[in-house]
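Working notes, structure below.
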Amino acid sequence: MLERLLALLDEGGVPAAQAAWGVNVLLQSATATAAEESMRAQAQQRAEQEWDALSHALHEVDGRTHPRLHALADELLSGTPEERLSWSFRMLINGIAETPVRRG
């Protein structure tokens, strides 16, 4: 898996040192996502109740005391899990490609 990730990052023009450090972040994110999905699958009903509670709380927040939460409530809850996962990997790869490795 490491070899394939490094090859893909190389094909995308990511400098070698950044790719070497970046695969760690990509694998951490993938592992965390897999663990989260596993837990969600095991407790689907509880997850739905928690999502409903979160949605209700965000939509009921007072715009005077929490203006950003109030303004972004719909956006905070938007997107399918697949869309969010795809975005998160693109965001990580773009960050890896644009963030130089600095040592010392």
Side-chain angles (χ1 to χ4, degrees):
M1 188 179 326
L2 282 173
E3 180 67 26
R4 185 67 183 134
L5 283 172
L6 289 168
L8 289 169
L9 291 169
D10 182 54
E11 288 172 24
V14 176
Q18 288 160 228
W21 284 24
V23 292
N24 184 52
V25 176
L26 290 169
L27 291 173
Q28 284 177 354
S29 180
T31 301
T33 299
E36 183 179 295
E37 288 301 316
S38 174
M39 295 296 290
R40 187 173 293 139
Q42 292 175 8
Q44 185 64 33
Q45 184 176 4
R46 191 180 85 215
E48 289 174 14
Q49 291 170 341
E50 289 174 0
W51 181 262
D52 290 344
L54 174 62
S55 178
H56 179 74
L58 285 172
H59 285 102
E60 296 298 317
V61 72
D62 186 340
R64 293 171 295 176
T65 58
H66 299 85
R68 290 166 191 82
L69 286 175
H70 181 76
L72 294 172
D74 288 333
E75 197 63 34
L76 286 165
L77 300 169
S78 69
T80 66
E82 293 81 12
E83 290 169 331
R84 286 179 165 264
L85 181 62
S86 177
W87 178 87
S88 71
F89 281 118
R90 287 192 320 273
M91 179 271 305
L92 286 173
I93 291 166
N94 288 330
I96 291 166
E98 296 298 323
T99 307
V101 171
R102 294 203 173 113
R103 295 183 184 100

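Just so it is clear, the structure is predicted and the values come from calculations on it, not from any experiment. Hydrogens, waters and symmetry mates play no part in the numbers below; they use all other heavy atoms, side chains included.
- Between Leu76 and Leu54, every side-chain heavy-atom pair lies at or beyond the 4.5 Å cut-off.
- Atom CG of Leu6 and atom CD of Glu11 lie 11.5 Å apart (nearest 0.5 Å).
- Under a hydrophobic-cluster definition in which Ile, Leu, Val, Met, Phe, Trp and Tyr are linked whenever side-chain heavy atoms come within less than 4.5 Å, directly or via other members, Leu92 and Trp21 are assigned to different clusters.
- Nearest heavy-atom pair across Ser78 and Arg84 is O-NE, 2.8 Å.
- Residues Val23 and Ala20 come closest through the heavy atom pair CG2-O, 3.4 Å.
- Clustering ILVMFWY residues whenever any of their side-chain heavy atoms sit less than 4.5 angstrom apart, transitively, puts Leu8 in a cluster other than the one holding Val25.
- For the atom pair CG (Leu58) and NE2 (His66), the distance works out to 10.5 Å, reported to the nearest 0.5 Å.
- Between Leu5 atom CG and Glu3 atom CD the span is 10.0 Å, to the nearest 0.5 Å.
- Val14 and Ala19 get closest at one heavy-atom pair: CG1-N, 3.8 Å.
- Under the side-chain contact (heavy atoms from CB on, under 4.5 Å) rule, His70 has a single partner from Val61, Thr65, Asp62, which is Val61.
- One finds the NE2 atom of His59 at 11.5 Å from the CG atom of Leu69 (value rounded to the nearest 0.5 Å).
- Side-chain contact check for Trp51 versus Glu48: every heavy-atom pair is 4.5 Å or farther apart.
- Under a hydrophobic clustering in which Ile, Leu, Val, Met, Phe, Trp and Tyr are joined whenever their side-chain heavy atoms come within less than 4.5 Å, directly or via other members, Leu2 and Phe89 fall into the same cluster.
- Judged by distance alone, the side chain of Gln18 and the main-chain N or O of Pro15 form no donor-acceptor pair under 3.5 Å.
- A continuous path of hydrophobic side-chain contacts links Leu9 to Met91 [ILVMFWY only; heavy atoms under 4.5 Å].
- Once rounded to the nearest 0.5 Å, the distance linking CD1 of Ile96 with CG of Leu26 reads 4.0 Å.
- In this structure, the separation between CD on Glu60 and OG on Ser55 is 9.5 Å, given to the nearest 0.5 Å.
- Thr33 places a side-chain N or O within donor-acceptor distance of the main-chain N or O of Ser29, the cut-off being under 3.5 Å.
- In this structure a side-chain-to-backbone donor-acceptor pair under 3.5 Å is present from Thr31 to Leu27.
- When all heavy atoms of Pro67 and Arg64 are compared, the pair lying nearest together is CD-O, 4.2 Å.
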